[in-house]
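Since the structure comes first, as structure tokens, the remarks are kept for the end.
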Amino acid sequence: MSKWLLFCGRVLARLQRWPAAVTAIYLAGPFERLTSLQKGQLLYAVLLSNHSIVTRCIYVRLLRRELDRTADDNFWLAAMAQRLDRPRLAAAIYRRTGQQNHTKEELAVARAMAGLTESIVSGSIYKEVSASVDALKLMPGEEVVVVPAGSNYLPLFELWLEQAKRHLRGRILGLALDAGASAKLGSSLNGSVIDLSPYFVFDVDGQIHERARNGLWILRVLVLRELVSRGHRVVSLDLDAVVFSDLQAMLDGFPEADLVAQQDYSIPMEVARKLGFVLCCGFMVLRPTDATKAFLDRYAERTMVELDDQLAINHMLAAAGVTERVTTANYFTFRSNGVIILCPDKSLVSRDIGHGSVVRHFQQHGQTIAELRAQLGLQPADFTGASSDR
């Protein structure tokens with residue numbers, strides 16, 4: 001019966017019958033019978049039906065059935081509370097978990113997530129980010145390039161920085177995820193670093209703990225919002241979005257837009273099927289227009305509910321709709337959510353490691369840096385190292 005119910009849950013989700021999908025997966029049995037993938041499917045269905053009375057009633061039943069069985073169960077319940085736009089409840093679950101008898105790592109995750117969620121509830125997260133930007137002492141109107149990095153990614157950061165210095169203008173700002181990265185980015189970028197390490201917990205392999213990872217996407221959007229609100233044009237890049245030619249020359253060939261972003265056909269898939277594309281947050285350029293500032297206010301709020309910047313921005317597009325679409329050989333533009341958005345053609349900004357004349361935002365598969373350089377067509381350097389997935 002449980003297999004049949006889980007199958008029904010997948011089918012109902014594919015049909016976007018989200019409350020029904022929540023019901024089917026809930027009836028399939030307790031969390032201990034579900035894989036992480038199946039619990040993730042439940043979490044996503046909860047998010048996309050978070051105003052449904054059915055979904056909210058089932059969540060109450062889930063609390064009664066699953067609360068305090070394990071730390072991981074509590075983390076799933078807290079994540080669902082956040083997707084239901086109930087951050088106070090999520091903070092209470094994290095705080096409760098942090099006071100129980102769990103492993104050192106689980107307690108650290110619970111306390112870190114409680115702190116982040118409580119900052120969101122109180123609104124103090126905005127002041128914390130503002131104070132971090134104050135410390136950078138940026139010049140008025142100075143252009144800023146934002147990139148996140150952790151210690152496990154420092155060899156890739158060296159490759160990324162080498163290309164960024166050749167092809168980007170403006171001050172490069174590193175978002176450091178741990179103390180080691182903070183020290184390295186600080187020395188490489190002349191102190192232009194925001195230390196986000198207090199918000200994260202790492203596992204034994206040095207990766208951000210799965211339950212704490214969503215904080216990165218929240219904090220990145222909040223940093224972008226703060227910079228744009230101060231009048232800075234911002235280029236935001238993932239560490240695996242490597243620049244290959246003059247970015248400004250590409251932008252000069254486009255009409256003005258509030259937001260330039262990479263196009264993709266990936267998550268969230270229901271938006272990709274509806275619109276024919278999604279925006280990928282691995283490459284974005286944000287102009288400090290009034291429209292962009294207002295959009296980023298809404299985007300930050302949405303990301304703090306969805307806990308994922310790419311899901312949030314694309315669900316905003318799907319909800320508002322896309323109008324005034326214009327397509328040319330090198331880009332397409334459209335209007336949505338009060339802003340004009342431009343997507344460069346894939347010949348310019350690509351997800352392909354061997355394709356994209358300006359930016360290549362590739363998928364990594366455990367290659368060494370030497371192997372990546374060869375695949376990217378770059379000359380060998382004096383360092384090697386392993387890269388890893390986002």
Side-chain angles (χ1 to χ4, degrees), residues 132-133 135-139 142-197 206-208 216 219-220 223-224 227 232-251 262 280-286 348-351 353-354 356-364 366-390:
S132 296
V133 174
L136 299 171
K137 301 187 184 305
L138 296 168
M139 297 294 293
E142 185 175 8
E143 184 167 325
V144 182
V145 179
V146 176
V147 62
S151 289
N152 276 16
Y153 299 82
L154 291 179
L156 182 58
F157 170 72
E158 294 283 1
L159 186 158
W160 181 93
L161 183 61
E162 172 190 316
Q163 291 296 106
K165 286 181 175 179
R166 289 176 180 170
H167 303 302
L168 296 177
R169 71 182 193 186
R171 186 191 297 200
I172 298 174
L173 167 61
L175 305 182
L177 309 185
D178 58 76
S182 182
K184 174 61 178 176
L185 269 61
S187 62
S188 298
L189 303 176
N190 298 317
S192 294
V193 60
I194 293 178
D195 183 3
L196 300 179
S197 62
Q207 300 293 328
I208 298 177
L216 172 57
L219 292 163
R220 177 165 69 174
V223 169
L224 298 180
L227 290 167
H232 302 283
R233 191 182 81 161
V234 181
V235 178
S236 177
L237 290 159
D238 280 352
L239 203 56
D240 55 2
V242 178
V243 185
F244 277 79
S245 62
D246 187 344
L247 178 64
Q248 187 56 47
M250 180 187 78
L251 296 175
Q262 180 179 348
C280 174
C281 296
F283 166 72
M284 301 176 74
V285 182
L286 303 109
L348 300 171
V349 179
S350 174
R351 292 293 292 181
I353 195 169
S357 61
V358 182
V359 178
R360 297 181 193 174
H361 183 197
F362 49 85
Q363 294 290 326
Q364 300 166 254
Q367 306 101 318
T368 65
I369 295 300
E371 290 168 341
L372 280 177
R373 294 184 72 88
Q375 289 176 294
L376 291 166
L378 300 175
Q379 293 297 316
D382 295 331
F383 54 85
T384 60
S387 65
S388 56
D389 290 331
R390 165 181 168 177

Who pairs with S197 by side chain to side chain donor-acceptor pair (under 3.5 Å), at least two apart in sequence or on another chain?
D195
Contact summary for L239 and V242, nearest pair of heavy atoms
O-CG2, 4.4 Å
Say whether, by atom type as modelled, one donor and one acceptor occur between the side chain of S236 and the main chain of M284 under 3.5 angstrom.
no
In sequence, state the C-alpha distance, the side-chain angles, and the governing distance for I194 and L136, and then conclude on side chain to side chain contact (heavy atoms under 4.5 Å, CB included).
CA-CA 8 Å; I194 293 178; L136 299 171; 4.2 Å; yes
d(L154 CG, L161 CG) to nearest 0.5 Å is 11.0 Å
In terms of heavy-atom contacts, V193 and G186 come closest through CG1-CA, 3.9 Å
Of all pairs that satisfy salt bridge (charged side-chain N to carboxylate O under 4.0 Å, His left out), the ones with a partner from residues 174-186, not counting sequence neighbours
E158-K184
Side chains of D238 and R220, heavy atoms from C-beta outward: is any pair under 4.5 Å?
yes
Quick one, L348 with V359, criterion side chain to side chain contact (heavy atoms under 4.5 Å, CB included). Give me CA distance, side-chain angles, the key distance, then yes/no.
CA-CA 6 Å; L348 300 171; V359 178; over 6 Å; no
Quick one: CE on M250 to CG on D246, what's the gap to the nearest 0.5 Å?
9.5 Å
Side chains of L175 and L219 in contact at under 4.5 Å (non-hydrogen atoms):
no
Tell me, do V243 and F283 make a side-chain contact under 4.5 Å, heavy atoms counted?
no
Taking the side chain as C-beta and beyond, is there a heavy-atom pair between F244 and L378 under 4.5 Å?
yes
For L173 and L185: C-alpha separation, side-chain torsions, deciding distance, then whether side chain to side chain contact (heavy atoms under 4.5 Å, CB included) applies.
CA-CA 9 Å; L173 167 61; L185 269 61; over 6 Å; no
Hey, does R233 have a side-chain heavy atom less than 4.5 Å from the side chain of L251?
yes
Not counting sequence neighbours, which residues clear side chain to side chain donor-acceptor pair (under 3.5 Å) with H167? List them please.
none
Working to the nearest 0.5 angstrom, can you tell me the gap between K165 NZ and I172 CD1?
7.0 Å
Can you tell if the side chain of L227 reaches within under 4.5 Å of the side chain of L138, non-hydrogen atoms only?
yes
Check whether any side-chain heavy atom of V358 sits under 4.5 Å from a side-chain heavy atom of L247, and report yes or no.
yes
Does the side chain of V145 reach to within under 4.5 Å of the side chain of V147, using non-hydrogen atoms?
no
For L372 and L156, run side chain to side chain contact (heavy atoms under 4.5 Å, CB included): C-alpha distance rounded to whole Å, both residues' side-chain angles, the deciding distance at 0.1 Å, then the answer.
CA-CA 9 Å; L372 280 177; L156 182 58; 4.1 Å; yes
Using a 3.5 Å distance criterion without hydrogens, assess whether the side chain of W160 forms a donor-acceptor pair with backbone atoms of D240.
no
Minimum heavy-atom separation for S245 and S357, please, with both atom names.
OG-O, 2.9 Å
Please report the closest heavy-atom contact between A181 and A176, naming both atoms and the distance.
C-CB, 3.8 Å
Can you sort out the partners of Q163 under side chain to side chain donor-acceptor pair (under 3.5 Å), two or more places apart, ordered by chain and number?
R166
Does S350 reach the main-chain N or O of R360 with its side chain, forming a donor-acceptor pair under 3.5 Å?
no
Rounding to 0.5 Å, atoms CD (Q248) and CZ (R169) come to a distance of 4.0 Å
Residues passing the salt bridge (charged side-chain N to carboxylate O under 4.0 Å, His left out) test with E142, sequence neighbours excluded, are R171
